Amino acid sequence: MKTSIVRNSFLMITLAFSVVVNSQNTINSSTFYKHDKFLSSDKLEGRFPGTKGNNAAAAYIQKYFKKYGLKKFGGSYFQSFKLFVKEGINKIKSDSVTTQNVVGYLEGTDKELKNEFIVIGAHYDHWGWGGKGSGSKKKDTIAIHNGADDNASGVAALLCILEELSKSNNKPKRSIIFISFSGEEEGLFGSRYFVNHLPVDKKDVKVMLNMDMVGRLNSEKQLYMGGAGTFPEGVDLMKSLGVNSGLNPVVHAGDVGGSDHVSFYKSSISAVGFHTGGHPQYHTPEDDIELINSKGGELAVKYIYNALTAIANYSQPLYFISQD
């Protein structure tokens with residue numbers, strides 16, 4: 001009897017989310033590609049914190065946050081902070097630089113649940129020109145590290161999801177914070193700063209979804225995620241969303257990983273990280289737009305959009321579940 005109830009619940013979830021997938025109108029590979037191409041262009045010189053390229057990327061993200069109607073916290077989309085840059089990175093001497101997270105929010109529609117927040121994010125910084133002190137896999141090669149997959153792809157996904165949600169007639173019950181972090185490559189500085197300087201009460205931040213490297217979907221169509229078990233029934237939800245998605249989700253209850261969502265998890269906030277897997281161009285100057293799988297990016301974005309809206313509309317309470 002218990003088994004049949006679980007199966008029926010799983011079927012109901014699957015049917016509900018298949019309707020959401022069919023309602024998506026603006027998520028497409030060309031928009032994903034457009035955003036990724038700009039952010040990973042040589043003009044931005046690898047988007048290293050404290051540089052003109054990093055600031056140009058932040059301004060680009062801010063433009064779309066404004067265009068699609070996100071509200072500001074404290075009168076600005078920018079959350080500025082400082083970080084120390086070691087010598088031997090990006091052709092500069094060691095120095096303290098100022099950079100910024102880009103953040104805004106969409107208010108929920110439910111009178112009570114709008115006071116709870118789901119965070120969705122992706123870091124926009126990368127290694128600039130690399131160098132011996134950087135995280136480049138080719139430390140002796142001084143060249144622009146464009147980071148088309150790491151992580152222009154995650155930001156492209158973030159902006160595609162924002163556009164779709166802004167045009168949807170079915171706004172979520174809970175409020176959603178959209179954020180693009182800087183300083184991830186140097187040690188999750190942007191996400192740690194945000195968690196330590198939250199614009200809302202920590203108890204009201206229920207789940208964080210992070211996208212880091214979602215632009216190189218493989219031939220097996222695998223979308224990996226860690227941390228699905230950090231909120232109630234998260235693993236079942238993520239598996240159910242794979243039905244008719246064109247993807248093969250690889251769902252881990254734990255295995256939280258090493259990107260910005262870890263800052264939230266360490267603060268006892270439920271967190272899930274999404275990625276399409278590693279590749280030889282990771283942290284090298286060869287991580288360029290020509291290798292991005294835009295059609296695969298579209299599939300990943302649609303899946304994550306459905307995860308976001310499902311969680312934002314969860315009927316049951318959301319709370320943190322440790323997966324240590």
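These numbers were taken from a predicted model, which means no experiment stands behind them.
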For [Y], is there any backbone N or O sitting under 3.5 Å from a side-chain donor or acceptor partner on [X]?
{"X": "S180", "Y": "A122", "value": "yes"}
{"X": "S168", "Y": "N170", "value": "yes"}
{"X": "Y68", "Y": "L165", "value": "no"}
{"X": "H145", "Y": "A143", "value": "yes"}
{"X": "R47", "Y": "G147", "value": "yes"}
{"X": "N210", "Y": "V272", "value": "no"}
{"X": "S259", "Y": "D212", "value": "no"}

Any luck finding a side-chain donor-acceptor pair between [X] and [Y] under 3.5 Å?
{"X": "N151", "Y": "E185", "answer": "no"}
{"X": "E163", "Y": "T26", "answer": "no"}
{"X": "S263", "Y": "S191", "answer": "yes"}

Restricting to non-hydrogen atoms, name the atom on G135 and the atom on H283 that form the minimum distance, rounded to 0.1 Å. O-ND1, 3.0 Å
Less than 4.0 Å between a side-chain N and a carboxylate O, is that true for R174 and D110? no
Should the pair F65 and Y77 be assigned to parallel (<30°), tilted (30 to 60°) or perpendicular (>60°) ring geometry? perpendicular
Could you check whether the rings of H197 and Y193 sit parallel, tilted or perpendicular, using 30° and 60° as the cut-offs? parallel
Would F231 end up clustered with L198 when hydrophobic side chains under 4.5 Å apart are linked, directly or stepwise? no
With hydrophobic residues grouped by side-chain heavy-atom distances under 4.5 Å, do V262 and Y282 end up in a single group? no
4.5 Å side-chain heavy-atom contact, E45 and W129: yes
Any Y124 side-chain heavy atom under 4.5 Å of E184 side chain: no
Ring pair (Phe, Tyr, Trp, His ring centres under 6.0 Å), that's the test. Do Y60 and F38 meet it? Break it down for me. CA-CA 9 Å; Y60 181 86; F38 175 83; 4.2 Å; yes
